[in-house]
J.: 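Shown below is the structure under consideration.
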2 protein chains.
Amino acid sequence: MRPTVHDIAAAAGVSLATVDRVLNRRPGVRHVTREKVENAIREIGYVRDVAAANLAKGRTYPFVFILPASDNSFMHGLNDEVRAAIARSSVERTTIRTLEVPAFDPAALVKVLNELGEERPAGIALVATDAPEVRDAVDRLVKDGIPVVTLVSDLTGSQRHHYAGVDNIAAGRTAARLLGRFLGGAKGEIAVLAGSMLVRDHRERLEGFAAVIAAEFPSLSILPVIEGRDDPETAHMLVADALSKKSGIIGVYSLGAGNRGLIRALKEKAVDRSLTVVAHELTAHTRAALLDGTIDAILNQDAGHEVRSAIRVLKAKADGLAVIDAQERIRLDIFLKDNLP
Amino acid sequence: MRPTVHDIAAAAGVSLATVDRVLNRRPGVRHVTREKVENAIREIGYVRDVAAANLAKGRTYPFVFILPASDNSFMHGLNDEVRAAIARSSVERTTIRTLEVPAFDPAALVKVLNELGEERPAGIALVATDAPEVRDAVDRLVKDGIPVVTLVSDLTGSQRHHYAGVDNIAAGRTAARLLGRFLGGAKGEIAVLAGSMLVRDHRERLEGFAAVIAAEFPSLSILPVIEGRDDPETAHMLVADALSKKSGIIGVYSLGAGNRGLIRALKEKAVDRSLTVVAHELTAHTRAALLDGTIDAILNQDAGHEVRSAIRVLKAKADGLAVIDAQERIRLDIFLKDNLP
DNA sequence: CCAAATCTGATGTACGTAAATCAAAATTTG
DNA sequence: CAAATTTTGATTTACGTACATCAGATTTGG
């Protein structure tokens, strides 16, 4: 049987009330007594029964999710997953609120973060725009003792407690190797479609991609990055234009969102050419394109996993508990037409 | 606030004791009264607070994991993960026991399963050997109300509550496409190394693999399957032999365990040849081989996820609760040298 | 219609922890 | 050394559920 507060009291030779004062950092305990209790806790290996504690406290975890107001399938999916988590909130003792902020807008994000500093929720998850002022705002929250996790895109050099997202450098490198191997030594140009170089995940994907292409596939050259702002219309226009002008393109890497536009451009301009295409994010559109052969591979991050992981980590941090690292590592999913879920 | 038993009592116009009798299927409630209570439960959307219930019951979940006594890295890893789960047992209110049975031995498995029928644990997870007598034994347990999940390898046609493992047909298909695309239209033979055609996961992988090769990569032909019994020594001998005799081999698909032997054979016999190799299960050996270029891609199932998922599902089934399906789908991991964890 | 059987209500205890109150003991201060 | 202050102990209630007991009410069978 696992030890209880009573066992601590017996082991330390103090009363239950004192144990409670130590456990819950209440005042009125002499230093020596506190140490006696803490030693006893360590020796008998007491671990607070979180379920019982939450029951007694009537605790709920008020969490806030800050999401960018982007009109693309991936962000819609992320939104859906947060909503699904909200639907489970009574069972999970969470109270989740979502806040929408303009995409790629550090100032707006900072404003929201500062307001949350006053409100003091039990935890904050945010899709970070990678800027120094955002990092500073996050660091202030962390210093104030509010658990913060970044979601999907991380924040350079910040003190955030956790990042619930994939390793984007590895994602870019993987995309490069898939494209390179699928092209099997052919010579030509690769078009790269990104959302914005202002978000860290896109920058990192490009970095990893370029590194592997340069080092291991010298017959391939990367064209200047097309920035589609994760917007299908913009992406369509820019990609269609590139395909018309450059006849040397034999491969495409789409590392952002807004793939609807890309796919349309490919179907219009490249029916005759056999392009090899690797794209990010599994959506209804990319799934269809993978199945019909327009796209050859999709790299994906599971938004549901990311949201659930963020919640688990926020809870653990709020309770000062450890997390199972392997469980919280968000994996890069690689989908070919054969292993679609 | 979520509704409690008191709210049910008030809504149904009965006493707490009666609500309790209905909720816990205790006798002594007239049919009409029971219906009144059940309607109230439905109307106010009551969900039992499992944490409080377990606290009151002092409940722990006695689970049994049945694992094959195989000496390969994958099964060792699976064992480690079960042990890690055992280490968490006090926190998770589980009491997990593992039983080792000889691999590929339906009779031994049936014997153990029948004994467990007497013992009536709160749940059983097993790596199934796919045989009718095993299926019957499992079905008996299920009929007796004991939650059963298959782990890693499924059981054809059985009533098991859940399968915590990957879709092996999809895995085989994916392997075929990777191999086919990486070979880029070259003509030649593919060697296939399996453990045993007696386990369903291996059969299914082969089936998926063969289907895609036949349909989409006609320039490749599959050699008769080599059965290495998931044993490194056997695998080494058989593969080395095949590589010596067949000069037309340009690719290898290793769909079972025992890859240590395969890798050794490749390093001895194929230094001069540029074979394309796809293998299953990420272990220390396959990881090193992927990094040094001996293997081109590894398909993996995360044993930790499988074990944790099995436990979550068993708990849910024991409590008669629903599971989050998306969370319990075990994904096929594809590793290139760039996205290793 | 009455006794027996069945059903229902009222109540209390328990699980492990949180939180509060009040009394008692120990320590510090003047 | 006494008074003031701090520390500690003892006790109670609560969270939501499980489970047991006993009394009272209702239904059923003869």
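The sequence lines fix the lettering, A, B, ..., with proteins before strands; numbering per chain opens at 1.
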J.: So Gly58(A), base contact, sugar-phosphate only, or nothing? Heavy-atom distance under 4.0 Å.
T.: nothing
J.: Please determine, for the side chain of Ser15(B), which listed nucleotide (dA18(D), dA10(C), dG9(D)) has the closest atom?
T.: dA10(C)
J.: Mark yes or no: Arg48(A) above the aromatic ring of Tyr46(A), with NZ or CZ under 6.0 Å from the six-membered ring centre and no more than 45 degrees from the axis.
T.: no
J.: For Lys111(B), I'd like to know if atom NZ has over 12 heavy atoms of other residues, nucleotides or ligands within 6.0 Å.
T.: no
J.: Whole-Å distance between dT17(C) C1' and Arg93(A) CZ?
T.: 12 Å
J.: Is it the case that more than 12 heavy atoms not belonging to His76(B) sit under 6.0 Å from its NE2 atom?
T.: yes
J.: Below 4.0 angstrom from OP1 or OP2 of dG16(C), is there any side-chain N or O of Thr4(A)?
T.: no
J.: At less than 4.0 Å, is any side-chain N or O atom of Arg2(B) found next to OP1 or OP2 of dG16(D)? Yes or no.
T.: no
J.: Does the side chain of Arg30(A) get closer than 4.0 angstrom to OP1 or OP2 of dT27(C) through an N or O atom?
T.: yes
J.: Could you state the NE2-C1' distance from His6(A) to dA18(C), rounded to the nearest angstrom?
T.: 12 Å
J.: Between Asp49(B) (CG) and dG16(C) (P), how many Å, whole number?
T.: 16 Å
J.: Give a yes/no on whether any side-chain N or O of Arg26(B) is located under 4.0 angstrom from OP1 or OP2 of dC19(D).
T.: yes
J.: For the pair made of CG in Leu23(B) and P in dC19(D), what is the distance, rounded to whole Å?
T.: 11 Å
J.: Can you tell me the distance, in whole Å, between the NE2 atom of His31(A) and the C1' atom of dT7(D)?
T.: 15 Å
J.: Which part of the nucleic acid, if any, lies within reach of Arg21(A) when heavy atoms closer than 4.0 Å are counted: base, sugar-phosphate only, or nothing?
T.: base
J.: May I ask you to say what Asp20(B) touches in the nucleic acid, namely base, sugar-phosphate or nothing, with a heavy-atom cut-off under 4.0 Å?
T.: base
J.: Is the shortest side-chain N to carboxylate O distance from Arg59(B) to Asp319(B) below 4.0 Å?
T.: yes
J.: Could you check how far CG of Asn54(B) sits from P of dC19(D), rounded to whole Å?
T.: 11 Å
J.: Given dG16(C), dT17(D), dA18(C), identify the nucleotide with an atom nearest to the side chain of Arg48(A).
T.: dA18(C)
J.: Which whole-number value in Å describes the distance from Lys36(B) NZ to dT26(D) P?
T.: 12 Å
J.: Using atom CG of Leu16(A) as one end and atom C1' of dT21(C) as the other, report the distance to the nearest whole Å.
T.: 15 Å
J.: If I take atom CG from residue Asn79(A) and atom CZ from residue Phe74(A), how far apart are they, to the nearest 0.5 angstrom?
T.: 11.0 Å
J.: When the nearest nucleotide of DNA chain C is assigned to Gly28(B) and to Lys57(A) on a heavy-atom basis, which residue is associated with the more 5' position?
T.: Gly28(B)
J.: Please work out if Ala17(B) contacts a base, only the sugar-phosphate, or nothing of the nucleic acid, heavy-atom cut-off 4.0 Å.
T.: base
